[in-house]
Structure formats: structure tokens, C-alpha cells
Amino acid sequence: MAETIKKLDELVGLCKRRGFIFQSSEIYGGLASCYDYGPLGAELKRNVKNAWWKSVVQMRDDMVGLDCSILMHPMIWKASGHVDKFADLICECKKCNTRSRVDHLEGKEQGETSRHAQTAPTDDLSDKVCPSCGAVGQFTEPMPFKLMFETQMGANADDAMTVFLRPETAQGIFANYRNVLDSSRIRVPFGIAQIGKSFRNEVTTKAFIFRTREFEQMEIEFFCEPGTDEDWWQHWKDARMQWYLNLGIRKENLRFRPHDDDELAHYAKACVDVEYRFPFGSGDWQELEGIANRTDFDLRQHQRGMRSVTKWIENGRDTINTPLVDEHPDYQSGPLSFFDDQNRKRYIPYVIEPSAGADRGTLAFLVDAYAEEEVKGEKRNVLRFHPTLAPIKCAILPLVKKEGMPDIARNIYQDLRRHFNCFYDEKSAIGRRYRRQDEAGTPFCVCVDGQTLEDQTVTVRDRDSMEQIRVSTDQLKNHLREKLDM
RNA sequence: GCGGGUGUAGCUCAGUGGUAGAGCGUCACGUUGCCAACGUGAAUGUCGUGGGUUCGAAUCUCAUCACCCGCUCCA
């Protein structure tokens, strides 16, 4: 009789009530689109990230990790295309107040439109048609729309340089691809994984932590020989779907959604989204992760970017108005090429990018685990987290607060907590304590009772079945570690 | 950014100009002793924020912030 969350409001309330997720700066009235993880949420999210890392780095021979800085050389974002793409011009229809991108307005030829904020024409919208209400020429002056966060680097205001907070972790991987190759003895095909914060000035945030301006990504760039890219794309597609399933997300709430050709980013040869059926919007499927074939676009772009730096300095470090130099005719032998010494071949690798949202994933695990049940006429709320993800693995509870039971329980607690996250609770009735742990998603509860005093056994209570078995205290640690797979 | 809605205790909400409330939760004590038990008691409020009207504002009004729904947008 499990019931799931039907509305976003329920979920927000649940997250706050149990200390998973809070509105950022709440005592100041909140800050739009920013959220904080509470005690249980911080554990949950960290477990999600650790599970991902274990799956894509620890358990694989062909993957290594990376953790690079959020601030990077501004020209990285020129080469990646973000400086231009993320500086679109927006105008507003005076008649219906709808905002449109200038380069999306009808009548404008695509190649003709400048994407550069400072060189874009601020006139000549007189013959353009509002895509929303059909009014002609009723637009405000075009205004630049900065999708990347900017900040100043350098304490001395005169010398300060404008840098960007990264809008994706991916480019840090491309920028370090050469370093990793040269230092780790790894060879193509191989991948680099990274978890970290990224920032985008999304036009629309909303939907709780689903789309926020500050968010955390779990990204892989997998480098492979051109021609093998489609096979690797398929490999990662399967591997990533299996990860969500292995961690307990119900199959019927997951699906692949291939991108249409006109939806593909300019660099991508193919892209598929892993989607989860979230309980908001119209009960709609929403993206958890995108798995793209980025071809050799990024490495080739960075080869151009590397050769454009001098020009950028000469140009007064003006990132927007410093175009990249043309691609070298012999780009296949460039500094970011890979030499396959077994087959005596040199090439720019193709890249498969499985890019997952850590916050979205955490939200999906939370939603999918939630259940309301009837037990003997009483309502029971339970979060059926996979043990790997559960914030607390085991609660240790003395049946009563006397006859030495708390002392024994505390000893067990001190022993078990060295191996996994535990919680000790001796307050109020035992049934209430079990239900509290159900709400936190704790898979096991250990109870020290009267019989423990006689034969050194405790009960182990299972969250999902609510059944109890007796386990000898000297077997307890092994019993739990086996059950928890830890 | 547009339209609609909401904002009162940790949570869910009642309270339409006159003393700030309930249920749940939390805490203490007692009783009980394996699934939100019972009894007694207690704590908890910038009524989102700031201004205005009024003798008096949670309530009327203006502004603002945040969230939700629908548009728009989503490299």
C-alpha cells in the first residue's frame, strides 16, 4: 500500500521536516534558487557522490579522478563556446512582455546574427515578429543576458581581471587531459571523472533543487579512438542506467530519451538523457543525466584556444572580443593529440560525456524511496533508501533506560560507528524510536533488551519488513557489515 | 520577465480591525516494556520583511523578498 509523493509541496515539507534540504538564507527571507543540505541531506548527497565515484573510478581500470578549480583561464570559456553562447541578447515584446532571444527572432538569418554583446546591432528589430503575440517591431532595446557568473580576480581593483565561475566541470577535464595522460600512465581509451560545483544564470529556476543556479555535477569525459565512439557511447549509456537501478530507483520511473537532431548541441554527434519521473510539473519526466558524444570538438577547440592567448593579452584581456585563431591544418598532430604507439597512429580522441546532476540525482533517490504505509491501522512513513545511500546505517537503541542497557548499547555504538554511520537513541518508547528511524531511512535498528543481559544477544530489526532476529553481540558487526555490504 | 496563488510555532493549518491558537512533533517526570502507548507538566512566534492608514493591524493598503502553478526560457 505504498503511497508516493504527489506534489512538490509535500516533498519540500518532507525535506525540511526531516532535515534533508532547507531554503538557503531562510532567516533572511531566502535567496532565490539556492538551497542548503541539512544533517540527513548532507549524508545522503555525499553517499550519492561516493557511490558514483566508486562505480566510475574505484571499480574501473580505465578511469581516473580529478578535482580542478572552479575559476579557470577566461579563454577556456572562449574555446568551449560558452563566452559567446552564454552572452545572448534578449529583447522584450512591449505588447505581451514575452522575452525572446534576438537571434531567435524570425526573419533573422542565423549566420548573420552576432552573438557578441558589444558588437551586436541595437537597432533593426523593426521588422521582427514577436513569436508569442505576433506583434511586429514592438521590442525593447536588446540587452545582454549573462548566463555565466562573473567575478573579479585580484584584490587591487585596477588590476583585477574578469573571470567566470565555471558553468560546467567538463572543461576543467579537457584542460587537464594532457596532464593526466602524462602523469598517470593511462592510455586511450580512458576516462576522467570529476565532481564539483558549477554555476549558471538560468532564466527560469523553480522546481526546488531540480534547476538551481549553483549546482553540483558528476561528470565523466571518456576519451576514445574515433570510430569506436559509438560503441563507447552505448557502453556508458548502459552503465549509467544500471547505476541508478542498482541503487534502488524503480525501473518504471526511469527511461532514456534520445535527443532529436535539432535539439543536439553544436558539438554533439548524439545525446541521450536518463530521465526520472518526478512528481512535479505535470508528473513529467525530467533529465537526471545526459550522455553525449562530443566528438573531438572540445580538444580541437582548446588547441585553437591555446594559440590565442597572446592575442588575448594584446587585446587587453578582452575575452568577448578576442576571436580564436583559425584551426591549424595539421591539427591532428597538435598538442592535445594522442599517439597510439602500438598502432603507430596519432589522432585527437573522441569524447563520450556522461554528465549527471548530483542534486537532481539526490532528489530522485529521495522521492523514489519515500513511502507511506498502513501498519496495524497506523500510518508509517518510511524512506526505503538503498543501504549504500542511507544517511544512517544503523541505530542502536536500549529497550529501556535502566538495568545497564544504555551502557551496553553505548559500547556497541562506539564499536560500530568506526565502520559506518550510526545513531544512538535512548529517549522515549521503543516503537517511536523505530518509526523515527524509518523516517530517516535507517535500514537496521539494534535493540539491547532484557535478554541481552542474560545471553549477550541483541535484536536486529529490518526497516522494510519490520521483522527482528536475534544476533549474538560478538557476531553483530559482521552480520551488519554483510547486510550493508560495507 | 508576465499571469495566478501562497507566506501565522519545527511541520500541517485555523484565526476577516480589539489578549497569538489547535493538532502533530520536541523536552521533562511518572508508568509501561518491541513498533508513532498513557498520564502530568513544559518550552517554542521578527504572524516573510519594510513602510502607510488607524486609538489599535496577522487582518486594510503600498512596496519588497521567497516559494508553488502556468507561460517564456533552458548553451
Side-chain angles (χ1 to χ4, degrees), chain A residues 7-19 22-35 38 77 80-88 90-101 103-104 115 130-133 140 143 145 147-148 167-168 170-171 198 200-208 210-211 213 263-268 280-282 286-287 290 292 373 375-382 397-403 405 427-439 445-451 458-463 465-468 470:
Chain A
K7 286 185 188 155
L8 190 53
D9 283 343
E10 284 178 52
L11 185 63
V12 174
L14 168 118
C15 286
K16 180 168 186 190
R17 193 167 62 247
R18 296 182 186 152
F22 307 125
Q23 170 87 62
S24 166
S25 315
E26 195 187 62
I27 61 170
Y28 282 84
L31 180 63
S33 166
C34 295
Y35 292 89
W77 306 111
S80 70
H82 288 86
V83 168
D84 298 339
K85 293 281 178 197
F86 272 30
D88 285 313
I90 296 282
C91 62
E92 193 169 303
C93 174
K94 290 174 188 167
K95 212 172 165 190
C96 66
N97 289 316
T98 300
R99 291 180 154 199
S100 304
R101 277 168 56 166
D103 62 335
H104 280 188
R115 295 175 179 282
C130 173
S132 177
C133 69
T140 59
M143 44 197 162
F145 210 76
L147 291 174
M148 278 200 291
E168 62 176 28
Q171 297 304 324
S198 294
R200 294 179 202 178
N201 269 319
E202 299 284 357
V203 177
T204 301
T205 52
K206 324 239 167 163
F208 199 36
F210 182 78
R211 181 176 290 116
R213 297 197 170 113
E263 190 185 357
L264 283 177
H266 57 285
Y267 51 75
F280 47 76
S282 43
Q286 302 280 350
E287 175 190 357
E373 300 179 338
V375 178
K376 294 178 188 164
E378 298 277 353
K379 203 175 91 172
R380 179 170 92 119
N381 292 339
V382 56
L397 317 167
L399 183 61
V400 292
K401 204 170 17 170
K402 55 188 176 191
E403 292 162 32
M405 294 182 203
K427 294 198 169 82
S428 76
I430 187 71
R432 180 180 296 261
R433 280 178 278 164
Y434 283 150
R435 296 300 172 86
R436 273 202 282 248
Q437 293 305 317
D438 289 340
E439 288 197 317
C445 290
V446 166
C447 184
V448 172
D449 58 12
Q451 196 178 327
V458 293
T459 65
V460 175
R461 180 254 195 194
D462 179 84
R463 176 193 65 203
S465 66
M466 294 187 287
E467 282 168 5
Q468 290 172 280
R470 289 208 81 85

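Per chain, numbering begins at 1; letters A, B, ... match sequence-line order.
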For C73(B), which nucleotide is its Watson-Crick or G-U wobble mate, given both distances must be under 3.5 Å? none
Which nucleotide wins on minimum distance to the side chain of Asn381(A), given the candidates A36(B), C67(B), C34(B)? A36(B)
Which atom names give the shortest non-hydrogen contact between Lys427(A) and Arg436(A), and what distance separates them? O-NH2, 3.4 Å
Between G10(B) and C35(B), how many Å separate the two P atoms, rounded to a whole number? 32 Å
C29(B) versus G23(B) - spacing of their P atoms, nearest Å: 23 Å
Using purine N1 to pyrimidine N3 plus N6-O4 or O6-N4 for Watson-Crick, or N1-O2 and O6-N3 for G-U wobble, each under 3.5 Å, what pairs with U6(B)? A66(B)
Is it the case that the side chain of Arg433(A) and the backbone of Ser428(A) share a donor-acceptor pair, with hydrogens and angles ignored and the cut-off at 3.5 Å? yes
Nearest to side-chain heavy atoms of Arg211(A), which nucleotide of C74(B), C11(B), G33(B): C74(B)
Base, sugar-phosphate, or nothing for Asp438(A), non-hydrogen atoms under 4.0 angstrom? nothing
Minimum heavy-atom distance between Gln286(A) and Phe210(A), given as atom pair plus value: CB-CZ, 3.4 Å
Pairwise P distance, G25(B) and G39(B) [rounded to whole Å]: 12 Å
Give me the distance, rounded to whole Å, that separates G18(B) from A58(B) when you measure between the C1' atoms they each carry. 13 Å
Tell me the partner of G39(B), counting only Watson-Crick (N1-N3 plus N6-O4 or O6-N4) or G-U wobble (N1-O2 and O6-N3) with both under 3.5 Å; none if nothing fits. C29(B)
If you take atom types as modelled and just measure distance, does the side chain of Arg461(A) reach the base of C35(B) with a donor-acceptor pair under 3.5 Å? yes
Take the protein atom CZ of Arg17(A) and the nucleotide atom C1' of A36(B), then report the distance between them rounded to whole Å. 13 Å
When the distance from CD of Glu439(A) to C1' of C35(B) is rounded to whole Å, what number comes out? 13 Å
Consider the side chain of Asp449(A), meaning its heavy atoms from C-beta on, and name the nucleotide among C34(B), C11(B), C68(B) that approaches it most closely. C34(B)
Could you check whether any side-chain heavy atom of Leu399(A) comes within less than 4.5 Å of a side-chain heavy atom of Gln451(A), counting everything from C-beta outward? no
Base, sugar-phosphate alone, or nothing: which one does Gln437(A) contact when heavy atoms must sit under 4.0 Å apart? nothing
Shortest non-hydrogen separation from Asp438(A) to Asn381(A) and the atoms involved: CB-O, 3.5 Å
Can you name the residues that form a side-chain hydrogen bond (donor to acceptor under 3.5 Å, both in side chains) with Gln171(A), not counting sequence neighbours? Glu168(A), Asp298(A), His302(A)
Separation of atom CZ in Phe208(A) from atom C1' in C69(B), rounded to whole Å: 16 Å
Touch check for Gln468(A), heavy atoms < 4.0 angstrom, all strands: base, sugar-phosphate only, or nothing? base
Nucleotide paired to C34(B) in any strand shown, Watson-Crick or G-U, under 3.5 Å: none
Measuring only the P atom in each nucleotide, how far is U19(B) from U72(B)? A whole number of Å is fine. 48 Å
P atom, G17(B) versus C13(B): distance in rounded Å? 23 Å
By nearest nucleotide on RNA chain B, pick out whichever of Gln23(A) and Glu168(A) is the more 5' one. Gln23(A)
Minimum-distance nucleotide (side-chain atoms of Arg435(A) versus A37(B), G10(B), C35(B)): C35(B)
Any donor-acceptor pair under 3.5 Å joining the side chain of Tyr28(A) to the base of C65(B)? no
Quick one: label Leu397(A) by what it contacts on the DNA or RNA (base, sugar-phosphate, nothing), any heavy atom closer than 4.0 Å. nothing
Below 4.5 Å, heavy atoms only, C-beta onward: do Cys15(A) and Tyr35(A) meet side chain to side chain? no
With 3.5 Å as the limit, what N/O pairs link the protein to nucleotides 22-30 of chain B?
unit_1: U26(B); atom_1: OP1; unit_2: Arg436(A); atom_2: NH1; d: 2.3
unit_1: U26(B); atom_1: OP2; unit_2: Arg432(A); atom_2: NH1; d: 2.8

To the nearest angstrom, how far is Phe22(A) atom CZ from C67(B) atom C1'? 16 Å
So what does Tyr35(A) touch, heavy atoms closer than 4.0 Å: a base, only the sugar-phosphate, or nothing? sugar-phosphate
From the list C34(B), A36(B), C74(B), which nucleotide is the closest neighbour of the side chain of Thr459(A)? C34(B)
Of Leu399(A) and Gly30(A), whose closest RNA chain B nucleotide lies nearer the 5' terminus? Leu399(A)
Look through every strand shown and name the nucleotide pairing with U44(B) as Watson-Crick or G-U wobble, where both distances are under 3.5 Å. none
Residue set satisfying salt bridge (charged side-chain N to carboxylate O under 4.0 Å, His left out) with Glu439(A), at least two apart, ordered chain then number -> Arg18(A)
Rounded to the nearest angstrom, tell me the gap between atom NZ in Lys402(A) and atom C1' in G33(B). 8 Å
If I take atom OH in residue Tyr434(A) and atom C1' in nucleotide G33(B), what distance separates them, rounded to the nearest angstrom? 11 Å
Can any side-chain N or O of Ser25(A) pair as donor or acceptor with the backbone N or O of Leu31(A) at less than 3.5 Å? no
Between P of C65(B) and CD1 of Ile27(A), the distance in whole Å: 19 Å
Side-chain heavy atoms of Cys447(A) within contact of Met405(A), under 4.5 Å: no
Looking only at atom C1', what distance separates A9(B) and C24(B), rounded to whole Å? 12 Å
Atom-to-atom span, CD of Glu26(A) to C1' of G7(B) - whole angstrom: 11 Å
What contact category does Ser80(A) fall into here, base, sugar-phosphate, or nothing, at under 4.0 angstrom with non-hydrogen atoms? nothing
Partner nucleotide of A20(B) by Watson-Crick or wobble geometry (both distances under 3.5 Å): none
U59(B) versus C69(B) - spacing of their P atoms, nearest Å: 27 Å
